[in-house]
J.: 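I'd like to ask some things about the structure below.
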Amino acid sequence: MMARKTSRAPEDPATVQIATWNVNSIKSRLDLVLRWLAEAKPDVVCLQEIKCVDEAFPRAAIEDAGYHVAVHGQKTYNGVAILSRSPIEDATPRLPGDDGDDHARFIEAVVSTPSGSVRVAGIYLPNGNPAPGPKYDYKLAWMKRLQAYAADRLALEEPLVIAGDYNVIPAAQDAKRPDAWVEDALFRPDTRAAWRRLLALGLTEAVRACDDSSGLYSFWDYQAGAWQKNDGIRIDHLLLSPQAADRLVSTRIDKHVRAWERPSDHVPVVAEFAFG
DNA sequence: ATGACGCAGCCCCTGCGA
């Protein structure tokens with residue numbers, strides 16, 4: 001079904017904003033998602049942890065806000081979606097490399113913006129705790145599959161954005177208290193090594209390409225007053241192919257959304273591009 | 001993270017997240 005046209009024109013028609021946001025249940029967060037879409041006016045949004053089957057996704061409400069929708073959901077856990085102001089082509093679920101993996105953690109699509117098309121992959125990389133153990137093995141195997149996928153797509157030499165909840169703290173400066181995370185699946189040496197292998201393919205991490213300062217976080221736990229203490233970590237990322245990185249203009253973390261009523265524990269991370 | 005919260009669903013308790 002066609003998304004209804006909205007009256008709003010983009011701030012700058014030559015730029016494209018691509019965002020990622022782990023919403024921790026789309027049903028519980030619909031009002032906040034609509035509020036943020038109206039405020040931030042992103043062109044493309046990758047959502048994670050929608051926690052519902054495809055049929056239960058609030059498609060009509062999102063379409064009424066002016067977005068096309070591609071969903072790959074499952075009952076109770078995980079689930080990813082891509083929202084786009086421009087039409088979505090070739091939406092494909094599932095990360096290649098393990099036909100037995102039934103977690104809904106990956107969706108890829110091509111978005112044709114007015115200024116050119118971009119391939120977008122929305123990912124929800126496994127948490128991996130407790131580590132070591134089978135859940136951590138699954139995380140590392142998933143990262144290896146993601147690396148194979150990225151290598152394959154990079155060979156196309158086209159604009160590509162892999163955006164999502166990576167469940168990876170890339171470096172000590174990406175946590176308020178890095179010492180607390182050294183044994184955790186999000187920050188263990190093997191996790192960071194797999195992250196570095198991904199970047200070594202030639203991908204650029206959008207936020208760090210624009211800002212090398214400390215204190216940039218995208219997640220604050222609901223517990224222990226983490227938000228009030230700014231006890232955060234940065235685990236939501238956008239990785240860019242060279243053809244996308246060349247067009248990167250700016251990035252932003254919409255931290256204020258964490259202070260809204262009944263928030264997700266993650267906030268939106270946005271990259272702005274000048275395509276065309 | 002010695003606890004603190006919040007989500008879904010088998011729904012007043014458990015599994016999971018990070």
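Just so we're on the same page: letters track the sequence lines, and every chain starts at 1.
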J.: Mind checking ring-ring contact (aromatic ring centres under 6.0 Å, His included) for A:Tyr136 and listing every partner two or more places apart, or none if nothing turns up?
T.: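 Scan of A:Tyr136 (ring-ring contact (aromatic ring centres under 6.0 Å, His included), adjacent residues dropped) gives none.
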J.: Using the C1' atoms only, state how far B:dA4 lies from B:dG9, rounded to an integer number of Å.
T.: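 Each nucleotide's C1' atom is 24 Å from the other's.
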J.: Work out how far the P atom of B:dC12 is from that of B:dG17, and round it to whole angstrom.
T.: 23 Å
J.: Looking only at the aromatic ring of each residue, does the gap between the centers of A:His103 and A:Tyr138 stay below 6.0 angstrom?
T.: yes
J.: Please state the C1' separation for the pair B:dC13 and B:dT2 - nearest whole angstrom.
T.: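 Result for the C1' pair: 23 Å, nearest Å.
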J.: Quick test of your reading: applying ring-ring contact (aromatic ring centres under 6.0 Å, His included), list the pairs with at least one residue in residues 14-40 of chain A, sequence neighbours left out, ordered by first then second residue.
T.: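 Listed by first then second residue: A:Trp21-A:Trp36.
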J.: Going by heavy atoms closer than 4.0 Å, what residues in residues 138-147 of chain A are next to DNA chain B?
T.: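 Within residues 138-147 of chain A, no residue comes under 4.0 Å of DNA chain B.
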J.: Any pair with a residue in residues 20-34 of chain A that passes salt bridge (charged side-chain N to carboxylate O under 4.0 Å, His left out), sequence neighbours left out, goes on the list, sorted by first then second residue, please.
T.: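 Applying salt bridge (charged side-chain N to carboxylate O under 4.0 Å, His left out) to every pair that reaches into residues 20-34 of chain A, excluding sequence neighbours, yields nothing.
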J.: Can a side chain N or O of A:Arg29 be found less than 4.0 Å away from OP1 or OP2 on B:dG6?
T.: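 A:Arg29 to B:dG6 OP1/OP2: no side-chain N or O under 4.0 Å.
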J.: Using a 3.5 Å cut-off and no angle test, enumerate the donor-acceptor pairs between side-chain atoms of residues 178-185 of chain A and protein atoms at least two apart in sequence or in another chain.
T.:
unit_1	atom_1	unit_2	atom_2	d
A:Asp184	OD1	A:Asn129	ND2	3.0
A:Asp184	OD1	A:Leu186	N	2.9
A:Asp184	OD2	A:Asn129	ND2	3.3

J.: Using a 4.0 Å heavy-atom cut-off to protein, can you give one letter per nucleotide of nucleotides 8-18 of chain B, 5' to 3': B if the base is in contact, S if only the sugar-phosphate is, - if neither?
T.: SSS-----SSB
J.: Is the distance from OP1 or OP2 of B:dC5 to the nearest side-chain N or O of A:Arg262 less than 4.0 Å?
T.: no
J.: How far does the C1' atom of B:dC5 sit from the matching atom of B:dA18, given to the nearest Å?
T.: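 Comparing C1' positions in B:dC5 and B:dA18 gives a spacing of 12 Å.
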J.: Give the minimum heavy-atom separation between A:Arg208 and A:Leu216, together with the two atoms involved.
T.: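 Closest pair (atom of A:Arg208, atom of A:Leu216, distance): NH1-CD1, 3.4 Å.
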J.: According to ring-ring contact (aromatic ring centres under 6.0 Å, His included), who are the partners of A:His237, at least two apart in sequence or on a separate chain?
T.: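 If we apply the ring-ring contact (aromatic ring centres under 6.0 Å, His included) test to A:His237, skipping adjacent residues, the hits are A:Tyr166, A:Trp195.
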J.: Who else is in the cluster with A:Leu156 when I, L, V, M, F, W and Y are joined by side-chain contacts under 4.5 Å?
T.: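 None; A:Leu156 is a cluster of one.
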J.: How many whole angstroms separate atom CH2 of A:Trp220 from atom C1' of B:dG6?
T.: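 For the pair A:Trp220 CH2 and B:dG6 C1', the rounded distance is 17 Å.
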J.: Go nucleotide by nucleotide along DNA chain B from the 5' end; which of A:Asp179 and A:Gly225 gets its closest nucleotide reached first?
T.: A:Asp179
J.: Pick the C1' atom in B:dC10 and in B:dG15, then give their distance to the nearest Å.
T.: 11 Å
J.: Per the salt bridge (charged side-chain N to carboxylate O under 4.0 Å, His left out) rule, what does the pair list look like for residues 91-105 of chain A, sequence neighbours excluded?
T.: A:Asp101-A:Arg145
J.: Take A:Arg177 and A:Lys229, find for each the nucleotide of DNA chain B with the closest heavy atom, and name the residue whose nucleotide sits nearer the 5' end.
T.: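 It is A:Arg177 whose nearest nucleotide is closer to the 5' end.
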